[in-house]
Amino acid sequence: MEKGTVEGNFRRALSDFTFEAASGGAIRHLTDLGFTVKQIEERLDFPTPLARIRETVWKHLIDTGVICLEDPHPASDCTADTAVPGRARTGYIREYDSYGRPSFRRVTEPDTGQKTDGEYLECEFGSLQYKDPEKYRQVLALLDTRQAEYIDGLPWPRGRVWHRADDRMLEIFKRIRDAGLEQGSMGREKI
């Protein structure tokens with residue numbers, strides 16, 4: 001191996017480790033609590049680039065089955081390839097002692113590798129954002145601030161993805177449908 005390649009790999013690994021220790025676990029935890037990317041950025045103790053937060057949130061939503069890159073209705077598996085039953089995922093939690101000094105505790109969570117359950121909504125926010133920015137802005141204007149931050153904060157790909165039909169997405173789709181921008185039927189709605 002060339003010296004530059006080894007140094008590059010080491011720097012990348014060190015950067016990934018530092019990011020995970022400083023922010024990765026916190027970002028995933030705040031995502032699970034329903035925070036938007038913007039709200040997560042405001043709450044982090046360590047400066048983290050917005051692009052890295054978006055990437056981490058997106059990957060976590062895919063890993064947990066909230067977002068599927070393939071249609072979950074014909075019994076396809078939308079969890080990441082890394083999700084293997086019986087294996088554990090490792091993360092770090094920041095804790096503070098009685099003097100306010102931060103320390104990190106390693107936490108392992110079982111990786112269930114579970115398949116999707118329930119209803120999913122078909123989303124094409126990424127395509128809309130790139131193909132018709134004016135309509136995308138209209139859709140965001142229909143939503144309240146937190147809903148718009150959620151949609152606009154995620155790095156939607158240019159194409160179709162499926163989002164779990166949780167309360168937040170159902171309310172978003174209801175607002176869009178009430179404005180006459182709906183396509184499809186419940187459970188397979190798309191925008």
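Just so you know, residue 1 is the first one in the sequence shown, and it goes up from there. We use all heavy atoms of the structure for the numbers below, so side chains are in, but hydrogens, waters and symmetry mates are not.
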What one should report as the nearest heavy-atom pair of T56 and G24 is CG2-O, 4.4 Å
Those residues at least two apart in sequence (or on a different chain) that pass ring pair (Phe, Tyr, Trp, His ring centres under 6.0 Å) with W58 are W156
Minimal heavy-atom distance between S127 and G159, with the atoms involved, is OG-N, 2.9 Å
The single option from R175, R168, K174 that satisfies salt bridge (Lys or Arg N to Asp or Glu O under 4.0 Å) with E171 is R175
Any donor-acceptor N/O pair, R164 side chain to G65 backbone, under 3.5 Å:
yes
**Prompt:** Would you say F17 has more than 12 foreign heavy atoms packed within less than 6.0 Å of its CZ?
**Reply:** no
query: side-chain contact (heavy atoms from CB on, under 4.5 Å) between F35 and R43: does it pass, once the steps are laid out?
result: CA-CA 10 Å; F35 287 89; R43 284 169 175 75; 3.2 Å; yes
Across all chains, not counting sequence neighbours, the salt bridge (Lys or Arg N to Asp or Glu O under 4.0 Å) partners of E95 are R105
Residue set satisfying salt bridge (Lys or Arg N to Asp or Glu O under 4.0 Å) with R137, at least two apart, ordered chain then number -> E134
| query | Applying the 4.5 Å side-chain criterion to the ILVMFWY set and letting contacts propagate, would L33 and I172 be lumped into a single cluster? | reply | yes
Note to self: When you measure from the side chain of Q147 to the backbone of D144, do you find a donor-acceptor pair of N or O atoms at a distance under 3.5 Å?
What the structure shows: yes
Here the salt bridge (Lys or Arg N to Asp or Glu O under 4.0 Å) pairs for residues 45-57, sequence neighbours left out, are D16-R52, D45-R94
Quick note, ring-ring contact (aromatic ring centres under 6.0 Å, His included) partners involving residues 128-150, not counting sequence neighbours, are Y150-H163
Hits for salt bridge (Lys or Arg N to Asp or Glu O under 4.0 Å) against E20, two or more places apart or cross-chain, chain-then-number order -> R28
